[in-house]
Amino acid sequence: MAPPQITDDYYEVLQVTQAADEGLIKANYRRLAKIQHPDKNPNDPTAKARFQLLQAAYSTLIDLNTRRTYDTISYPSIRARKTLQTSQPTTTNTSLDALLHQHTLRLRSLHLTLQTINTRLTTLDTSLTLAKTLLSKTIHSLDTLNNQSLADKASLAAENGWARYITTSLLGIGQDAAKQRREAIQRRMDERRTGMVVLEARRRVQSEKVDEIRGRLGG
């Protein structure tokens with residue numbers, strides 16, 4: 001029956017290197033046996049197992065034949081396994097703390113960005129409400145001027161109608177007053193026409209402003 005495969009680093013257990021001589025192995029065994037003896041560690045449930053491992057390491061390495069077999073068969077694979085484990089990256093508490101810190105900073109940055117976006121959206125929404133209000137007032141003013149202009153045209157048409165012509169021109173009644181009324185109506189129409197041009201230009205600018213803000217808000 002083949003002996004059980006040894007997987008423990010006996011040199012590490014005895015705290016010596018592979019080049020250690022018999023004297024150093026004995027000295028370290030005695031020192032460690034005093035420290036690791038189960039009687040010296042009554043509250044340690046692993047004390048017995050660790051002491052047994054220490055004895056197995058000592059009995060293997062103190063004998064030249066068993067040490068040669070261990071060095072030839074078991075120890076190379078043990079060293080290779082330890083080298084592989086050492087070469088693999090491990091996540092330490094320090095790296096975890098650094099990673100957590102990075103995530104915290106990123107979350108804080110995202111939160112500030114979100115606050116900035118919300119503030120900007122609120123500002124744009126307020127600007128849109130104001131722009132729509134101003135546009136609505138301008139359209140209302142345009143409608144009012146247009147209605148007044150239509151009323152003036154009707155008044156002027158009435159002043160220039162046949163009935164008024166017969167009364168003033170043929171009968172000579174109130175010619176001066178009629179002339180003054182027509183001139184006043186014409187002045188009002190000219191003023192309103194100018195006002196409508198100004199208001200129409202304002203309406204275009206305000207309408208473009210509303211469209212611009214809606215575009216920045218995504219519709």
Side-chain angles (χ1 to χ4, degrees), residues 1-129 131 210-219:
M1 182 176 179
Q5 180 66 35
I6 299 174
T7 59
D8 296 300
D9 186 341
Y10 285 164
Y11 291 104
E12 186 178 79
V13 171
L14 287 168
Q15 299 179 4
V16 296
T17 66
Q18 191 177 7
D21 58 17
E22 179 180 342
L24 183 58
I25 291 174
K26 284 183 178 180
N28 270 26
Y29 170 70
R30 290 169 182 167
R31 177 178 60 82
L32 293 171
K34 292 179 181 179
I35 298 173
Q36 298 181 10
H37 196 280
D39 292 343
K40 295 289 185 66
N41 302 276
N43 297 323
D44 186 355
T46 66
K48 183 177 180 181
R50 289 192 296 111
F51 187 72
Q52 289 175 343
L53 178 60
L54 179 66
Q55 290 179 315
Y58 176 72
S59 63
T60 298
L61 299 184
I62 200 64
D63 183 90
L64 291 179
N65 292 326
T66 56
R67 181 176 181 177
R68 188 180 299 111
T69 301
Y70 176 79
D71 287 348
T72 304
I73 299 176
S74 301
Y75 194 57
S77 62
I78 294 172
R79 289 188 61 183
R81 185 177 70 250
K82 291 178 65 177
T83 301
L84 179 62
Q85 290 174 345
T86 303
S87 64
Q88 290 177 340
T90 57
T91 302
T92 63
N93 289 335
T94 302
S95 62
L96 284 175
D97 290 341
L99 186 62
L100 180 60
H101 181 64
Q102 290 177 358
H103 281 295
T104 301
L105 291 179
R106 180 165 178 78
L107 285 174
R108 188 177 302 166
S109 176
L110 289 173
H111 179 67
L112 291 175
T113 301
L114 184 60
Q115 283 185 325
T116 301
I117 292 173
N118 286 334
T119 301
R120 188 177 303 165
L121 287 174
T122 301
T123 302
L124 286 174
D125 189 60
T126 302
S127 298
L128 178 60
T129 300
V210 168
D211 292 339
E212 176 197 350
I213 297 174
R214 281 176 174 168
R216 292 168 68 183
L217 284 170

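Side chains are part of it too, since the values below use all heavy atoms of this structure and drop only hydrogens, waters and symmetry mates.
- Of all non-hydrogen atoms in Ala20 and Arg67, the two that sit nearest each other are O-NH2, 2.8 Å.
- Here the CG-CZ distance, from Asp125 to Arg216, works out to 12.5 Å after rounding to the nearest 0.5 Å.
- Proximity of Lys40 to Ile35: side-chain heavy atoms (C-beta onward) are nowhere separated by under 4.5 Å.
- Between Ala131 and Ile213, the shortest heavy-atom distance links the atoms CB-CD1, 4.2 Å.
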| Do Arg81 and Thr7 pass the side chain to side chain contact (heavy atoms under 4.5 Å, CB included) test, and can you show the C-alpha distance, the side-chain angles, and the key distance before you say yes or no? | CA-CA 10 Å; Arg81 185 177 70 250; Thr7 59; 4.3 Å; yes

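- Judged by distance alone, the side chains of Asp71 and Tyr11 do bring a donor and an acceptor atom under 3.5 Å apart.
- Here CD1 of Ile6 is found 8.5 Å from OG1 of Thr66. Values are rounded to the nearest 0.5 Å.
- At least one donor-acceptor pair closer than 3.5 Å links the side chain of Ser59 to the backbone N or O of Ala56.
- Rounded to the nearest 0.5 angstrom, Gln36 CD and Arg31 CZ are separated by 9.0 Å.
- Distance alone, capped at 3.5 Å, is enough to place a donor-acceptor pair between the Ser77 side chain and the Ser74 backbone.
- For the pair Leu32/Phe51, no side-chain contact is recorded, criterion being any heavy-atom separation below 4.5 Å from C-beta on.
- Between the side chain of Asn41 and the backbone N or O of Asp44 there is no donor-acceptor pair closer than 3.5 Å.
- A distance of 9.0 Å separates OG1 of Thr123 from CZ of Arg120, quoted to the nearest 0.5 Å.
- Here Tyr70 contributes atom OH and Asp63 contributes atom CG; the two are 14.5 Å apart, rounded to the nearest 0.5 Å.
- The two atoms that bring Pro38 and Ala47 nearest to each other are CA-CB, 4.1 Å, heavy atoms only.
- Minimum interatomic distance between Leu14 and Leu54 (heavy atoms only, all atoms of both residues): CD2-CD1, 3.5 Å.
- For the atom pair NZ (Lys26) and CG (Asp21), the distance works out to 10.5 Å, reported to the nearest 0.5 Å.
- The main-chain N or O of Tyr10 is never found under 3.5 Å from a side-chain atom of Asp8 such that the two would form a donor-acceptor pair.
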